[in-house]
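The shown structure was predicted, so the numbers you read here are calculated from the model rather than taken from an experiment. These values consider heavy atoms only, across backbone and side chains, with no hydrogens, waters or symmetry-generated copies.
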Amino acid sequence: LHYITFKMVLTVDDNERQELLCVYAALALNDDSVPINADNIQKLITAAGGKVEPYWPKLFAGLLEGRDVSELLLTSGGTVGGGGGGDAGGAAGGDAAEEKKEAAPESSSEEESGDDMGFSLFD
């Protein structure tokens, strides 16, 4: 048998590395039912041989204070919409089509207002 080994190179900048250290520390603390605070995050990172700027543990502790991390993991950021209900078919008549035509110019004016601010989200 021949084994092929792959060396996976993970290249992240220093800020991303520090953020990941705090994320993993917070997850480990949550898993062990230890309070997630700045001191515990820093202790765990130091014990693992990592170094982070002092504001990172404080930031994560503040963000997670009073929150159930397990619930955050299960909900994964919010609810998913069920989508639109669709048109009511021919029962709506011509009034529904007129309302859609009136609503369309409003949405295009919102898109144009983003251009007036001097930046675009997609550039």
For residues 45-61, dump all side-chain donor-acceptor pairs below 3.5 Å to protein atoms at least two apart in sequence or in another chain.
{"residue": "Thr46", "atom": "OG1", "partner": "Gln42", "partner atom": "O", "Å": "2.8"}
{"residue": "Thr46", "atom": "OG1", "partner": "Gln42", "partner atom": "NE2", "Å": "3.2"}
{"residue": "Trp56", "atom": "NE1", "partner": "Gln18", "partner atom": "OE1", "Å": "3.2"}

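Going from atom OG1 of Thr75 over to atom CG of Leu73 covers 8.0 Å, rounded to the nearest 0.5 Å. Of the inter-residue distances, the one linking Leu63 atom CG with Ile36 atom CD1 reads 11.5 Å to the nearest 0.5 angstrom.
Within a 6.0 Å sphere centred on CD of Glu65, heavy atoms belonging to other residues, nucleotides or ligands number 12 at most.
Of the possible polar contacts, one joining the Asn37 side chain to the Asp39 backbone as a donor-acceptor pair under 3.5 Å is found.
The shortest heavy-atom contact between Leu44 and Ala28 is CD2-CB, 3.7 Å.
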- Query: After noting the C-alpha distance and the side-chain angles of Leu64 and Asn30, does the key distance pass the side chain to side chain contact (heavy atoms under 4.5 Å, CB included) rule?
  - Reply: CA-CA 10 Å; Leu64 297 173; Asn30 180 67; over 6 Å; no
